[in-house]
Student: 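Handing you a structure now.
Each ligand, and each atom within it, is numbered from 1 in the order the structure gives. The figures that follow rest on heavy atoms only: side chains count, while hydrogens, waters and symmetry mates do not. The structure presented is a predicted model; accordingly, all values stated were derived computationally and were not measured. Sequence positions, counted from 1, serve as the residue numbers for this chain.
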Amino acid sequence: MNDLAELHGIGPTALKRLHQLGIYSVTDLLQHYPSRYEDYSQVVPIAEAPLDTAISLKVQIKKMTSRNSWQRRRFSLVDATVADDSGTLKVVWFNQNYIAEQLTVGMVIMLSGKIKQTKYGKQLVNPVFERAKAETVHTARIVPHYPTTYGLTQKQLRYFMSQALTKTVPEWLPQPLLDERQLLPYGEAIRSIHFPASDDTIEQAKFRLGFDEVLLVQLVSLVLKQSLAHETAVAIPIDEAALQQFTQQLPFTLTNGQRQAAWEMMKDLALSQPMNRLLEGDVGAGKTVVAAMAVYAVAKQGYEAVIMAPTEVLARQHWHKLTALLKPLGIKVGIMTAHHKEATTAPVVVGTQALLTEIIQFPKLALAVIDEQHRFGVAQRQLLKQKSGLGVTPHLLSMTATPIPRTLALTAYGDLALSIIDELPNNRQPITTTVVTEDERPAMYRHIAERIAAGDQVYVVAPRIEDEEGSEKTSVERERVRLEKQFPNIKMAVLHGQLPAKTKHSLMDQFHAGTLDLLISTTVIEVGVDVPNATVMVIENAEVFGLAQLHQLRGRVGRADKASYCYACTNSSQAGVIKRLQFFAQTSSGFTLAEYDLQRRGPGDVYGREQSGFLNSFKIAKLSDHKLITLAQQAAQSLFPDLSTYPVIQQRVQTALAQVHLE
Ligand code: ADP
Ligand code: MG
């Protein structure tokens with residue numbers, strides 16, 4: 001039943017739009033939960049309908065006219081008079097021409113909306129309508145509203161959903177487990193989340209579906225943890241003298257957070273069971289040097305380490321940094337990317353993830369570090385083990401600047417040990433962040449000119465590569481035209497993911513070297529890029545980014561002791577948008593920002609859908625709900641380790657495990 005196209009009304013266009021929402025099957029569709037509801041369950045006679053209150057009416061259409069205004073293009077008005085036994089009422093629809101085609105005089109329909117007192121008398125303005133029937137979908141009930149995309153209406157989504165729900169939705173958990181915890185059956189929960197009978201049932205449905213999410217993630221964690229517990233690794237004894245030597249040659253002193261994280265790592269490395277640690281630290285917290293310590297400890301004992309970055313740009317940056325840190329200590333660092341291979345037999349090799357599929361073997365591989373990723377996927381782990389001539393699993397260290405609050409991290413990544421660096425090096429100055437509306441642009445440009453004249457460098461980030469019809473989002477191309485006009489004498493370039501790798505590297509090298517003053521870029525520079533001389537970050541259409549993402553972008557500046565500036569530009573005048581951006585401007589902690597968005601949206605929206613990987617599993621679970629988390633954790637423990645007695649659960653866990661590859 002996984003075929004969306006079987007549902008009535010889903011043609012190629014709708015299918016494409018559903019795909020944009022990440023919906024590829026009926027199962028996906030059912031898990032596309034409402035973001036809010038409108039309560040239209042109060043059905044009243046016209047004569048008793050209160051003003052300014054969400055109500056529904058069952059009426060017959062008595063009269064209908066539609067008009068187009070010629071003065072203003074694209075303006076239309078549909079005017080109707082409707083009646084029931086108790087009285088008549090005027091209804092108007094603005095700019096919804098198609099209504100005249102769908103409704104005719106004499107039809108009995110349901111209307112949902114609010115009645116307003118206007119200068120023409122009482123009117124129901126822009127109500128939702130549908131043919132009167134026993135089981136309504138759009139009116140006369142609590143009506144769901146879904147996150148959607150351009151060209152896909154709420155009515156379409158509801159219609160698809162109502163069809164999908166007529167199929168049977170099988171239960172995947174054993175009945176006693178549900179009974180013990182008083183959880184709704186799955187089918188009932190999924191029906192209630194979309195078309196609830198009351199507010200109470202929404203809460204019960206959310207609890208059940210949230211329980212499922214947490215349970216599944218916990219089971220995956222348990223399986224991952226168990227599979228690693230049986231593996232062996234090379235124990236790297238703690239060599240305090242070597243560590244001291246390392247820290248003494250640094251041009252700075254480590255922060256306490258860095259020391260703590262390094263120490264936790266050293267203790268893990270000393271065991272003959274593979275380390276599996278996530279190092280979390282806000283942008284610029286200095287994770288690279290902590291990883292370098294682990295790498296050094298391993299190399300010092302005569303073993304090998306690999307470091308993987310998500311992009312070639314970052315791989316090269318790491319290569320430069322690690323070379324600077326380790327060469328003075330007599331450790332050679334190689335690099336291996338699609339376009340650059342050098343000293344690939346060195347004890348320390350930096351590369352992209354393509355390193356895993358290269359035929360190269362590492363006879364003494366004992367440590368693998370992966371940057372800007374939350375954890376190693378199952379397949380990655382397997383490949384690493386095969387690569388090591390030692391026949392053991394390497395110690396694993398993943399690093400991320402994604403500010404995942406501890407409770408979320410523990411729930412989503414229960415199999416990982418966690419180190420959090422929660423302070424920045426004390427040479428940093430706070431980044432002055434300003435929200436910029438259209439009329440404040442000239443002042444911003446004046447300031448940019450000043451900073452560039454003083455020798456600093458500037459990033460301008462735009463959400464798109466090229467302009468797209470119907471989209472209000474600006475593009476790097478549009479910004480280039482604008483900035484070239486604004487700054488005719490400044491050296492600037494455009495960077496985005498679709499440029500050839502060579503061009504990208506050459507541009508990044510030029511920006512690093514300071515031969516470019518201004519870099520116009522898409523979010524390809526979002527993670528990891530470290531150019532300490534860059535002090536201004538301009539983010540165009542800031543409102544389209546999650547706060548955690550904005551924070552990442554801002555983290556590209558303020559990376560040395562110079563004063564730095566971030567401009568969050570927006571054309572929006574919506575109070576909510578401005579408030580959110582102001583909060584961003586006033587808050588320097590990535591964790592606080594992530595929490596703010598997490599309270600209001602799901603992790604997928606907070607961290608970006610593509611990037612958040614496994615965090616996307618939590619569509620509905622409230623991670624602040626301790627009862628929910630505890631209940632699901634206990635349930636996971638009770639089902640584990642013998643999942644083979646529950647084939648359906650085992651199947652689900654296997655599917656979810658496959659998703660871990662993607663992280
Ligand atoms: P991130 O945690 O975002 O990966 P990096 O490791 O790239 O951060 O470090 C950011 C910058 O801070 C680098 O230029 C690095 O050399 C510097 N740095 C790291 N630790 C310290 C410290 N304790 N004091 C001062 N500067 C530091
Ligand atoms: Mg980094």
Side-chain angles (χ1 to χ4, degrees), residues 243-244 246-263 265 277-296 307-328 333 350-353 369-374 397-404 418-431 457 459 508 511-512 514 523-535 537 548-562 564 566 588-591 593-594 611:
L243 293 178
Q244 236 163 40
F246 180 93
T247 46
Q248 265 159 18
Q249 54 110 36
L250 291 174
F252 44 75
T253 43
L254 293 175
T255 62
N256 287 332
Q258 286 173 315
R259 266 175 218 288
Q260 172 77 22
W263 184 241
M265 234 169 31
R277 186 167 283 279
L278 172 64
L279 176 59
E280 242 199 291
D282 215 334
V283 275
K287 294 180 290 293
T288 316
V289 66
V290 177
M293 271 172 100
V295 168
Y296 179 56
I307 297 101
M308 290 172 284
T311 62
E312 290 203 47
V313 169
L314 272 192
R316 283 162 56 92
Q317 186 180 290
H318 278 323
W319 177 58
H320 286 300
K321 269 197 194 162
L322 287 166
T323 305
L325 289 168
L326 299 179
K327 208 171 157 202
V333 182
V350 183
T352 54
Q353 288 184 35
V369 181
I370 196 156
D371 194 15
E372 303 299 350
Q373 184 172 307
H374 296 156
L397 175 67
S398 48
M399 302 194 283
T400 178
T402 307
I404 314 166
L418 191 62
S419 293
I420 298 186
I421 307 178
D422 57 2
E423 62 186 329
L424 293 180
N426 59 14
N427 66 346
R428 304 294 157 79
Q429 294 195 31
I431 303 168
Q457 289 166 282
Y459 296 99
M508 265 335 285
F511 197 64
H512 264 286
T523 52
V524 287
I525 56 137
E526 180 177 334
V527 291
V529 170
D530 186 34
V531 179
N533 191 50
T535 62
M537 164 61 71
Q549 215 182 348
L550 286 175
H551 182 66
Q552 282 286 334
L553 288 169
R554 175 168 62 185
R556 293 315 111 218
V557 298
R559 299 181 76 83
D561 50 5
K562 286 191 183 188
S564 295
C566 175
S588 60
S589 154
F591 288 94
L593 289 168
Q611 275 164 43

Student: Touching ligand 1 at all, Lys321? Heavy atoms, strictly under 4.0 Å?
Tutor: yes
Student: From the options Asn533, Asn427, Thr535, select the one residue that forms a side chain to side chain donor-acceptor pair (under 3.5 Å) with Lys562.
Tutor: Asn533
Student: Is there a donor-acceptor pair closer than 3.5 Å between any side-chain N or O of Thr402 and the backbone N or O of Ile404?
Tutor: no
Student: Is Thr253 close enough to touch ligand 1? Criterion: a residue heavy atom under 4.0 Å from a ligand atom.
Tutor: yes
Student: Applying side-chain contact (heavy atoms from CB on, under 4.5 Å), run through Val290 and Met399 and close with a yes or a no.
Tutor: CA-CA 10 Å; Val290 177; Met399 302 194 283; over 6 Å; no
Student: If you count the atoms of ligand 1 from 1 in the order shown, which ones are under 4.0 Å from a heavy atom of Lys287?
Tutor: 1 (P), 2 (O), 3 (O), 4 (O), 6 (O), 8 (O)
Student: Among Glu423, Gln552, Gln258, Arg428, whose heavy atom sits nearest atom 11 (C) of ligand 1?
Tutor: Arg428
Student: Quick one: does ligand 1 sit under 4.0 Å from the side chain of Leu254, the backbone, both or neither, non-hydrogen atoms only?
Tutor: backbone
Student: Counting only N and O atoms by type, is there a donor-acceptor contact under 3.5 Å from the side chain of Thr400 to the main-chain atoms of His374?
Tutor: no
Student: Which ligand 1 atoms are under 4.0 Å away from a heavy-atom of Ala285?
Tutor: 2 (O)
Student: Please work out, at 4.0 Å between heavy atoms, whether the side chain, the backbone, both, or neither of Arg556 comes within that distance of ligand 1.
Tutor: neither
Student: Can a non-hydrogen atom of Ala401 be found less than 4.0 Å from any atom of ligand 1?
Tutor: no
Student: Taking only heavy atoms of Thr255, which atoms of ligand 1 are found under 4.0 Å from at least one of them?
Tutor: 23 (N)
Student: Relative to atom 24 (N) of ligand 1, which among Gly284, Ala291, Pro425, Gly257 owns the nearest non-hydrogen atom?
Tutor: Pro425
Student: Would Pro532 count as being in polar contact with ligand 1, using the rule that some N or O on each side must be under 3.5 angstrom apart?
Tutor: no
Student: Is it the case that the side chain of Gln429 and the backbone of Gly558 share a donor-acceptor pair, with hydrogens and angles ignored and the cut-off at 3.5 Å?
Tutor: no
Student: Can you list the residues that meet the salt bridge (charged side-chain N to carboxylate O under 4.0 Å, His left out) rule with Arg316, with sequence neighbours excluded?
Tutor: Asp509
Student: Evaluate the side-chain proximity of Met293 to Leu243: yes if any heavy-atom separation is below 4.5 Å, no if none is.
Tutor: yes
Student: One residue to check: Thr288. Relative to ligand 1, which of side chain, backbone, both or neither has a non-hydrogen atom less than 4.0 Å away?
Tutor: both
Student: Return the set of residues passing side chain to side chain donor-acceptor pair (under 3.5 Å) with Glu280 (not counting sequence neighbours), or none when no residue passes.
Tutor: none
Student: Ignoring hydrogens and geometry, is there a side-chain-to-backbone donor-acceptor pair from Gln258 to Gly286 under 3.5 Å?
Tutor: yes
Student: Find all atoms of ligand 1 within a distance of less than 4.0 Å from any non-hydrogen atom belonging to Arg559, and give their numbers and elements.
Tutor: 3 (O), 5 (P), 7 (O), 8 (O), 10 (C)
